**Q** 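First the structure, then my questions, so here it is.
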2 protein chains.
Amino acid sequence: MPEAIRRSDHPADRLAGARYGNRPTMKDVAARAGVGLKTVSRVVNGEPGVTPETERRVQEAIDALGFRRNDSARVLRKGRTASIGLVLEDLADPFYGPLSRAVEEVARAHGALLINGSSAEDPDREQELALALCARRVDGLVIIPAGDDHRYLEPELKAGVATVFVDRPAGKIDADCVLSDNYGGARDGVAHLIAHGHRRIGFIGDMPRIHTAAERLRGYRAAMEDAGIPVEDSWMSLGVTDPQRVRDAAEGMLSGPSPVTAIFAGNNRVTVTVIRVLAEQTRRVALVGFDDIELADLLEPGVTVVAQDAAAIGRTAAERLFRQLDGTLITPERIELPTRLITRGSGELPPAD
Amino acid sequence: MPEAIRRSDHPADRLAGARYGNRPTMKDVAARAGVGLKTVSRVVNGEPGVTPETERRVQEAIDALGFRRNDSARVLRKGRTASIGLVLEDLADPFYGPLSRAVEEVARAHGALLINGSSAEDPDREQELALALCARRVDGLVIIPAGDDHRYLEPELKAGVATVFVDRPAGKIDADCVLSDNYGGARDGVAHLIAHGHRRIGFIGDMPRIHTAAERLRGYRAAMEDAGIPVEDSWMSLGVTDPQRVRDAAEGMLSGPSPVTAIFAGNNRVTVTVIRVLAEQTRRVALVGFDDIELADLLEPGVTVVAQDAAAIGRTAAERLFRQLDGTLITPERIELPTRLITRGSGELPPAD
DNA sequence: TAGAGCCTGGACAACGTTGTCAGATCCGGG
DNA sequence: CCCGGATCTGACAACGTTGTCCAGGCTCTA
């Protein structure tokens, strides 16, 4: 996207000038200590070859002036920023907290800082963010894709920016990605309901253009087909996430001509709303949700879920990223992490007609 | 802390060399397009004074080479990084997700990126992080303090780094801070329990060296004193957060010589564990928690909480930060945001002896 | 047609740091 | 007394960008 480059929209321009308030530089320290510039550099970086006496003088000057090395300049000189970028969908989503935290821990272990931003599920914003991070020369990127075309990253990949896609695969480029087994997890979850006697099972999920949603839908269909149950259209609700519409969808499939006796919820937000709807029903309806939710065990009945391990996903992704940077890793791979069915009651309810 | 400056511990050193894979520079673009360096800069920044024909040639070269401006160099030249740092306690804590997101939104509105890190409640790590961010010359810092001495930031403040403390006040320096009314909220919550007939009320909270914990404890004591109820030591458990110890504490105060009939939980993690403990009791014990928790309304009984508005706190803090950068804001202030008591059932249970 | 004024483009320095290299100092031994 | 070597120190260029300033070519008018 040339626009991103052509138009002068750099954020810094909008901020008042002030060049961060004239901080002291190594030159200032050198002048005050009565030594050369390079000697200060040596002291600051703990390089050998400085007499204790000189070092003391320099250190004094540093403390007196409140000098702090300017890492921007250092980066410019050295070529590595020791920071990685994380583009996720929404920091406020409880699924991404632990993921983000796991990435941070790995980054920290490698001495890198984490710069992050939310795409809000908007492909343009994802691209804008990813490119902004590249412009800052992050050493690597962890991306939870919002869009499905990532060719805009080709020059970056070629330039050696380590990149790992998470939660959803990269679009139209060959890159590392770390996913949950969405298909298998959903299939198992639905099969679990079938095993408990359900045949009319509803599915509420996100837009199928989102990879995870599509895979989970596929898992649902597969489980139904394996059991020889034809799926009715009225049992499926796709592209629905905001609470009111989930509510409508759930109420719809509970009251149609062939009402469902169980619901499979395609993600944590859907699950929460469905729980609310089911709590209002007199009839007991079974529920299995994709993604674990806090306190799921304290509800009555406890909520059976297909859990993904967000921390493990983040950790795996970040570790691969640093192995790319090491040079240990060359060929992009697609890694699928298993999910885990946690039974707590709601998924084991028998069908009630 | 001189060490942070003296020793050569810069993260970049640990990563393999490779100077981000030889990315093309403006010079390369200029050579390819057959124009001068500055002309490329003009095109890239949308500055006037370039013929359409020249611009086209430059643009072609940019696309062909996959050029991306190096913002590190730009930063070095311009003096502003258009990024702000966020030091929080734990990204995985559900309280900080929305807070962080709110800060990000404001930053984005001002065209700035967000760099963040978790201190894990460790003062040294907080300092290390904050100083690392300053070394990168972030324009501003939002800090959720882990320590209680922030004099290490004095040179930064003097140098014009905008700084706002959040959730807990700054220690030993004069700086902006945005807090919840922890004292008032806790007092109201406990008063609520008292109003429902309770007299033996337990308090489980974090270490009083943490400001929020201390304030909430103070609120608890104030409410009790207002009601003329002497507090017994066995009713209070301080410095306890990990689940097992919270469990022990709760069970202890429920079974002692003068067992409590209600518990005030000092933060969300404590609340969750207490809910688990109470679910196992035969006797019904009232509960009010500080911080809202998801699904609190679906439990039986619903959980009454003193809610803070994490998003509002984050937004307020970030807005103040950018007003500092504008120069609109000079004098540091302490802002306390009100809390809100949300009654859902658990706090309205009558005492059961 | 000459001069003034405008438009376009480029040379150059500067931002603050680090790497290279050579100069200065000091020591002991021949 | 001088020299070799070890040790310490500093001058200088470079990283990739932007700001300043000037040159050259054009148009327009007198």
Side-chain angles (χ1 to χ4, degrees), chain A residues 5 8 10-13 17-31 33-58 62 65 67-82 134-137 159, chain B residues 5 8 10 12-13 17-31 33-58 61-62 65 67-82 134-137 159:
Chain A
I5 292 181
S8 169
H10 191 89
D13 300 337
R19 326 199 26 72
Y20 27 59
N22 264 349
R23 305 197 62 139
T25 71
M26 285 192 177
K27 205 166 131 192
D28 302 325
V29 175
V35 301
L37 181 52
K38 180 65 208 198
T39 300
V40 176
S41 171
R42 270 192 274 262
V43 171
V44 168
N45 294 296
E47 289 167 24
V50 182
T51 27
E53 164 57 14
T54 310
E55 173 166 352
R56 197 190 49 74
R57 284 220 316 283
V58 172
I62 287 177
L65 295 174
F67 166 81
R68 212 81 81 189
R69 179 177 60 198
N70 184 334
D71 271 2
S72 292
R74 177 176 233 261
V75 159
L76 180 59
R77 191 64 235 257
K78 302 206 89 150
R80 285 276 180 187
T81 57
C134 289
R136 305 220 168 186
R137 296 295 188 267
Chain B
I5 291 181
S8 171
H10 191 88
D13 300 338
R19 333 197 20 74
Y20 27 59
N22 264 349
R23 304 198 63 139
T25 71
M26 286 193 177
K27 205 165 131 194
D28 302 324
V29 175
V35 301
L37 182 53
K38 180 66 209 199
T39 301
V40 177
S41 171
R42 269 193 275 261
V43 172
V44 168
N45 294 298
E47 288 168 25
V50 182
T51 30
E53 163 59 13
T54 309
E55 173 167 353
R56 197 190 50 73
R57 284 220 316 283
V58 171
I62 288 176
L65 296 173
F67 166 81
R68 212 81 81 189
R69 179 176 61 199
N70 184 333
D71 271 4
S72 291
R74 177 175 233 260
V75 159
L76 180 59
R77 191 62 235 259
K78 301 205 89 151
R80 284 276 181 188
T81 58
C134 288
R136 299 205 177 203
R137 296 296 188 264

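A quick note: this is a predicted structure, and the numbers were derived from the prediction, not measured. Chain letters run A, B, ... following the sequence lines, proteins first and then strands; every chain starts at 1. Note: hydrogens, waters and symmetry copies are ignored here, and every other heavy atom, side chains too, is used.
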**Q** Whole-Å distance between C/dT17 P and A/Asp28 CG?
**A** 9 Å

**Q** DNA chain C: B/Pro48 or A/Lys27, which has the more 5' nearest nucleotide?
**A** B/Pro48

**Q** Counting only side-chain heavy atoms from C-beta out, which of C/dT18, C/dG10, D/dT9 sits nearest to B/Val35?
**A** C/dG10

**Q** What is the distance, rounded to the nearest whole Å, between atom CZ of B/Arg68 and atom P of D/dT17?
**A** 13 Å

**Q** Check every atom of D/dT17, C/dT17, D/dT20 against the side chain of B/Thr25 and return the nucleotide holding the closest atom.
**A** D/dT17

**Q** Using side-chain heavy atoms (C-beta onward) and a distance below 4.5 Å, is B/Arg74 in contact with B/Asp71?
**A** yes

**Q** For B/Thr54 and C/dG9, is the shortest distance between a side-chain N/O and OP1 or OP2 below 4.0 Å?
**A** yes

**Q** With heavy atoms under 4.0 Å as the rule, sort B/Gly49 into base, sugar-phosphate or nothing.
**A** sugar-phosphate

**Q** Which heavy-atom pair separates B/Arg137 from A/Arg68 by the least distance, and what is that distance?
**A** NH2-O, 2.8 Å

**Q** Does OP1 or OP2 of C/dT8 have a side-chain N or O of B/Thr51 closer than 4.0 Å?
**A** no

**Q** For A/Arg42 and D/dA11, give me the distance from atom CZ to atom C1', rounded to whole Å.
**A** 11 Å

**Q** Would you find a donor on one side and an acceptor on the other, under 3.5 Å apart, between the side chain of A/Arg42 and the backbone of A/Glu47?
**A** no

**Q** Side-chain contact test, heavy atoms from C-beta onward, threshold under 4.5 Å: evaluate it for A/Arg136 versus A/Val75 and give yes or no.
**A** no

**Q** Is there a side-chain contact between A/Arg69 and the phosphate of C/dT18, meaning an N or O under 4.0 Å from OP1 or OP2?
**A** yes

**Q** Rounded to the Å, how far apart are A/Asn45 CG and C/dT20 C1'?
**A** 16 Å

**Q** What is the distance, rounded to the nearest whole Å, between atom CZ of A/Arg137 and atom C1' of D/dC15?
**A** 12 Å

**Q** Roughly how many Å is it from CG in A/Leu76 to P in C/dG16, rounded to a whole number?
**A** 12 Å

**Q** Please state how far atom CD in B/Glu53 lies from atom P in C/dT8, giving the value in whole angstrom units.
**A** 13 Å

**Q** Quick check on C/dT18: is either OP1 or OP2 less than 4.0 Å from any side-chain nitrogen or oxygen of A/Arg74?
**A** yes

**Q** Nearest to the B/Leu37 side chain among D/dT18, C/dT18, C/dG16, which nucleotide is it?
**A** D/dT18

**Q** Starting at the 5' end of DNA chain C and moving along, which residue's nearest nucleotide shows up first, B/Gly34 or B/Ala73?
**A** B/Gly34

**Q** Among C/dG19, C/dT17, D/dG19, which is the nearest nucleotide to the side chain of A/Glu47?
**A** C/dG19

**Q** Within less than 4.0 Å of OP1 or OP2 of D/dC15, is there a side-chain N or O belonging to B/Asn70?
**A** no

**Q** Where is the tightest heavy-atom contact between A/Val29 and A/Val58, given as atom of each residue plus distance?
**A** CG1-O, 4.1 Å

**Q** Distance check: side-chain N/O of B/Lys78 vs OP1/OP2 of D/dG19, anything under 4.0 Å?
**A** yes

**Q** Distance-only, no hydrogens or angles: does the B/Thr51 side chain make a donor-acceptor pair with backbone N or O of B/Glu53 under 3.5 Å?
**A** no

**Q** Nearest whole Å is fine: how far is D/dA14 P from A/Met26 CE?
**A** 20 Å

**Q** Below 4.0 angstrom from OP1 or OP2 of D/dT17, is there any side-chain N or O of B/Ser41?
**A** no

